[in-house]
Colleague: 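One structure follows; several queries about it will come next.
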Amino acid sequence: MGQKFYLETFGCQMNVVDSEQIAALLADLGFCAASSAEEADLIILNTCSIREKAERKVVGHLWRFKPLKEANPELVIAVGGCVAQQEGERLLQRLPHVDLVFGTHNIHRLPELLRRVRRQRERIAEVAFLDRETRLALFPERRSTGEVVRYVTVMQGCDNFCTYCVVPHVRGREISRPSGAVLAEVGRLVGSGVREVTLIGQNVNSYGGNTPGELSFAELLAAVHDIPALERVRFVTSHPKDISQRLIDCYATLPRLCRHIHLPLQSGSDRVLREMRRGYTAADYLDKVARLRSACPEIRFTSDIIVGFPGETEADFLDTLAVVQEVGYADIYTFLYSPRPGTQAPLRSDGLSPEVQQERFDRLLELQERIGPAIWRQDVGRTLPLLVEGESRQGGGQLFGRTTWGRIVNFAGGRELIGQVIPVTITASYRNSQLGEYWESNASVRCYGQG
Ligand code: SAH
Ligand code: SF4
Ligand code: F3S
């Protein structure tokens, strides 16, 4: 019988894509996927260290696998991703049942590293960063998975060094993938049935910045958009400082670009933004929001906000609330500031008490509760184009798809609709999803927005 692997993924889109690469490498070695850790010969956690809580969760998880290793000494336990990169050898010291730690630049070496672990019973931590040329040459080709929507990596790493953020330390310097390779990959994916791609990178709109002669992000987006048979394109995550007028214009000129932008604000206070080294002021940010709205009145915004950055005063926090109120986000992801190793911010001694942080966090959520759900409720009664992605997690023969704004809509329909853009009438709006109805006769109804 073939060997089985159990792979669990934490963190952001970068890790989702890396996990696809890990799964593909393991498939080449003859592994197939196990449905639980208990039945696996190889357990891999692909980890995230963006906040301390995320890191603790990984370590807690790893301890839970210890009895499995005791029962089956042949079991191999491996840790990849950002905690692996950050901790390296220390993970082997802390967790005696872990066999292999491989960093974010060493995924391609997994087959060789696993062989050494198994044949030579070595315990290995491999977390060296690669140089730019090697990384570019090793950029993994995506394989078809039969899915309708896929991520496509256009850049890796980050050079921004926001003072709170671990990403540049665990992912390395920013590199842009050659636009020719991006376009070829999207073309191939579309040929295998993909209808929507999300261009991903930690700082996607700085694409091409440090590569002379390369397309700008707006040009790349337009080129991807024009690939025939691609129904929709999205991108994430963009940095407010790198939103160019050309990118804003894309929302007016590219009909298949989804009407949503995730634009992390982090703070509405200019003083805090400066200390975070974000490179924009609240006024700059609001100006870009206004220009995006004028290019595309139906655009919806989502954002990330950090509460309780060291030294954040009540006045700073009120500035954040004011921007949240003014933009009117459809959704926000709020995080309590978490000091990360190697970053600059935690060196400061004016950290806030957990009580103050929590109280501000709750107030921010309360404000957003009054804004976001009302935006999503506007959709009820409208007939919207939905790209049908697959069977709904809700079960009961339901399907799910997304509107241009990215919200999941569950509805009853036949599997033959998967991969199609169909008009669905929204009948209810919940916290994280909506409910819709589809009738064949809907097909003649003129949809609001784009496909
Ligand atoms: N590249 C993206 C963010 C990636 S990390 C950007 O520049 O916006 C995702 C989010 O995690 C960030 O937007 C930030 O809000 C949050 N985050 C990152 N580091 C954090 C920290 N130390 N404490 C709390 N939240 C953090
Ligand atoms: Fe982190 Fe800032 Fe880079 Fe985003 S832009 S990944 S927050 S350092
Ligand atoms: Fe987490 Fe690493 Fe992504 S720290 S957010 S998985 S780049």
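Atoms within a ligand are numbered from 1 in the order they appear, just like the ligands themselves.
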Colleague: Atom CD of residue position E326 - does it have more than 12 heavy atoms of other residues, nucleotides or ligands inside 6.0 Å?
Modeller: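 Counting neighbours around CD of E326, 12 or fewer heavy atoms of other residues, nucleotides or ligands fall under 6.0 Å, so no.
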
Colleague: May I ask you to identify the nearest protein heavy atom to atom 10 (C) of ligand 1, giving residue, atom name and distance to one decimal place in Å?
Modeller: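 Answer, as residue, atom name and distance: D304 OD2, 3.4 Å.
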
Colleague: Atoms of ligand 3 less than 4.0 Å from N15 heavy atoms?
Modeller: 6 (S)

Colleague: Checking a contact table here: which protein heavy atom is nearest atom 1 (N) of ligand 1, and how many Å away?
Modeller: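 Going atom by atom, the protein heavy atom closest to atom 1 (N) of ligand 1 ends up being Q202 O, 2.6 Å.
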
Colleague: Output yes when the distance from some N or O of ligand 1 to some N or O of Y337 is under 3.5 Å, and no in every other case.
Modeller: no

Colleague: Nearest protein heavy atom to atom 24 (C) of ligand 1, by residue and atom, and its distance?
Modeller: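 Residue, atom and distance for the closest contact: L336 O, 3.3 Å.
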
Colleague: Quick one: does ligand 1 sit under 4.0 Å from the side chain of F335, the backbone, both or neither, non-hydrogen atoms only?
Modeller: side chain

Colleague: Which part of S338 is near ligand 1, with near meaning a heavy atom under 4.0 Å away: side chain, backbone, both or neither?
Modeller: both

Colleague: Using heavy-atom distances only, which candidate in M276, R340, Q266, R278 approaches atom 7 (O) of ligand 1 most closely?
Modeller: R278

Colleague: List ligand 3 atoms under 4.0 Å from Q202, heavy atoms only on the residue side.
Modeller: 3 (Fe), 7 (S)

Colleague: May I ask you to identify the nearest protein heavy atom to atom 19 (N) of ligand 1, giving residue, atom name and distance to one decimal place in Å?
Modeller: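 Sorting protein heavy atoms by distance from atom 19 (N) of ligand 1 puts Y164 CD1, 3.3 Å first.
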
Colleague: Quick one: does N203 get a heavy atom under 4.0 Å from ligand 1?
Modeller: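 No, that is not the case, since the closest heavy atom of the residue is not under 4.0 Å from the ligand.
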
Colleague: Is it true that Y333 and H262 have ring centroids separated by less than 6.0 Å?
Modeller: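 That pair passes the under 6.0 Å test.
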
Colleague: Does ligand 3 have a heavy atom under 4.0 Å from the side chain of C48, from its backbone, from both, or from neither?
Modeller: both

Colleague: Which residue and atom name correspond to the protein heavy atom nearest atom 5 (S) of ligand 1, and how close is it?
Modeller: I50 CD1, 3.5 Å

Colleague: Looking only at protein heavy atoms, which one is nearest to atom 8 (O) of ligand 1, and what is the separation?
Modeller: P264 CG, 3.0 Å

Colleague: Which atoms of ligand 2 have any heavy atom of P168 under 4.0 Å away?
Modeller: 8 (S)

Colleague: Please determine if atom 3 (Fe) of ligand 2 has an N/O/S atom from H239 lying under 2.8 Å away.
Modeller: no

Colleague: Quick check: does C82 put an N/O/S atom under 2.8 Å from atom 2 (Fe) of ligand 3?
Modeller: yes

Colleague: Answer side chain, backbone, both or neither: which part of R51 comes under 4.0 Å from ligand 1, heavy atoms only.
Modeller: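 The part of R51 near ligand 1 is the side chain, not the backbone.
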
Colleague: Do F361 and F335 have their ring centres less than 6.0 Å from each other?
Modeller: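 Centroid separation for F361 and F335: 6.0 Å or greater.
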
Colleague: What part of E52 sits under 4.0 Å from ligand 1 if we count only heavy atoms: the side chain, the backbone, both or neither?
Modeller: neither

Colleague: Please indicate whether R173 has more than 12 foreign heavy atoms, meaning atoms of other residues, nucleotides or ligands, lying under 6.0 Å from its CZ.
Modeller: yes

